Amino acid sequence: MAGSFNNLQRLLIRASKDIPDKALRVMGVEGKKFIDKNFRDQGFTDTSTKKWDARKTTDSFGNDITRYKTNRVGREGSLNRYGSRNADRAILVGFNTGGDKLKNSFKYSVSQGSQRVVFRTYKSYAARHNEGLDGMPKRQFIGKSEYLNRQIADKIKRELDKTLR
């Protein structure tokens, strides 16, 4: 009986040392996956997915900016250069830039001392899109989410089960 109690005590001590570090790493990895998922789905997932607003296709007068207006340059009604570039392109994805610069700009760092995970990007316009600033429609890709909390909790539970085996 004393031997099994000592084994259990050793397992719990090891788990108490390993789990905080693993939990922070899990939060970082799952958070990065969550951002990628939101870009893939073109919307933000909390309890359900809220799709992003479509790209603007009209000017201030209500004219379609994706089609030729006359036969002078191209066939009237057919897609112009801007329209053909944006026809099947995902939202928040640049044209002719590899298509995913904002999505791939996110990195995370784990701070062991303060016990937190910080996500950052070098793109200055990321906050403008995520929060809908300066007249830009809100196209959120990171923030508080029930879905993300569930993913993190499930992964940490699996890590704890692995440690206690």
Side-chain angles (χ1 to χ4, degrees), residues 1-57 82 84-165:
M1 180 77 169
S4 65
F5 179 73
N6 287 338
N7 287 341
L8 177 62
Q9 189 175 15
R10 266 188 260 124
L11 273 174
L12 291 174
I13 289 170
R14 188 175 75 200
S16 69
K17 290 178 184 175
D18 290 349
I19 290 299
D21 295 338
K22 285 183 180 180
L24 290 173
R25 282 196 307 270
V26 164
M27 287 179 201
V29 169
E30 291 300 316
K32 181 72 171 89
K33 285 182 187 176
F34 178 68
I35 293 169
D36 291 344
K37 177 192 179 316
N38 287 333
F39 274 92
R40 217 177 22 258
D41 295 346
Q42 295 184 39
F44 183 74
T45 306
D46 186 10
T47 52
S48 64
T49 301
K50 182 187 181 303
K51 293 288 190 181
W52 295 334
D53 293 341
R55 199 178 276 109
K56 183 177 158 184
T57 60
Y82 175 77
S84 60
R85 286 182 193 159
N86 294 312
D88 296 322
R89 188 166 53 105
I91 299 170
L92 287 186
V93 174
F95 172 73
N96 210 15
T97 60
D100 52 2
K101 292 221 173 195
L102 179 60
K103 178 178 109 175
N104 288 339
S105 71
F106 287 94
K107 306 286 184 232
Y108 70 92
S109 59
V110 175
S111 175
Q112 299 293 344
S114 63
Q115 296 284 314
R116 64 187 207 159
V117 179
V118 177
F119 290 89
R120 66 187 184 288
T121 180
Y122 58 89
K123 298 291 187 179
S124 58
Y125 57 87
R128 189 172 163 208
H129 284 288
N130 193 53
E131 298 161 16
L133 305 173
D134 303 326
M136 181 69 67
K138 184 176 182 178
R139 294 184 175 120
Q140 188 174 8
F141 41 81
I142 191 168
K144 291 183 180 179
S145 168
E146 288 294 320
Y147 173 84
L148 178 60
N149 291 344
R150 252 190 337 270
Q151 294 296 108
I152 290 172
D154 290 347
K155 188 75 172 202
I156 289 174
K157 184 180 179 302
R158 277 186 256 140
E159 289 293 324
L160 184 59
D161 289 345
K162 249 193 266 182
T163 303
L164 294 178
R165 271 191 212 143

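Bear in mind that the values here come from a model prediction, so they are computed numbers and not experimental data. Index from 1, following the sequence. Hydrogens, waters and symmetry mates are skipped; everything else that's a heavy atom, side chains included, is used.
Using a 4.5 Å heavy-atom threshold, the side chains of Phe106 and Phe39 count as touching. By the 4.5 Å heavy-atom criterion applied to side chains, Tyr108 and Val29 are counted as neighbours.
Evaluation of the side-chain contact (heavy atoms from CB on, under 4.5 Å) rule for Thr47 yields Glu146 as partners, not counting sequence neighbours. Judged as a salt bridge (Lys or Arg N to Asp or Glu O under 4.0 Å), and not counting sequence neighbours, the contacts of Lys22 are Glu159. By the side-chain contact (heavy atoms from CB on, under 4.5 Å) test, Pro137 is found to be paired with Asp53, Arg139, residues two or more places apart in sequence or in another chain being considered. Remark: Asp21 pairs with Arg25, Gln112 by the side-chain contact (heavy atoms from CB on, under 4.5 Å) rule, at least two apart or across chains. Residues meeting the ring-ring contact (aromatic ring centres under 6.0 Å, His included) test with Tyr125, sequence neighbours left out: His129. In this structure Ser124 satisfies the side-chain contact (heavy atoms from CB on, under 4.5 Å) test with no other residue, sequence neighbours excluded.
The local environment of NZ in Lys51 is crowded, with over 12 non-hydrogen atoms from other residues, nucleotides or ligands closer than 6.0 Å.
Residues Ala126 and Thr121 come closest through the heavy atom pair CB-CG2, 3.6 Å. For Val117 against Leu24, the heavy-atom pair with the smallest separation is CG2-O, 3.3 Å. Taking both residues in full, the closest heavy atoms of Tyr122 and Ser105 are given as CE2-CB, 3.6 Å, listed atom of the first, atom of the second, then distance.
When each of Lys157, Gln151, Arg158 is paired with Lys155, the side chain to side chain contact (heavy atoms under 4.5 Å, CB included) condition holds for Arg158 and for no other. Tested against Ser145 for a side chain to side chain contact (heavy atoms under 4.5 Å, CB included), the candidates Ile142, Asn149, Leu148 yield a single pass: Leu148.
From Asn130, atom CG reaches atom NZ of Lys138 across 7.0 Å, with rounding to the nearest 0.5 Å. The NZ atom of Lys103 lies 11.0 Å from the CG atom of Asn38; values are rounded to the nearest 0.5 Å. Residue Met136 holds its CE atom at 12.5 Å from CD of Glu131, rounded to the nearest 0.5 Å. Here Arg128 contributes atom CZ and Lys123 contributes atom NZ; the two are 14.0 Å apart, rounded to the nearest 0.5 Å.
Ring pair Phe141/Trp52 is perpendicular by interplanar angle, where above 60° counts as perpendicular and below 30° as parallel.
No salt bridge links Arg150 with Asp154; every basic N to acidic carboxylate O contact stays at or beyond 4.0 Å. The residues Asp41 and Lys37 are annotated as salt-bridged, a charged nitrogen and a carboxylate oxygen being separated by less than 4.0 angstrom.
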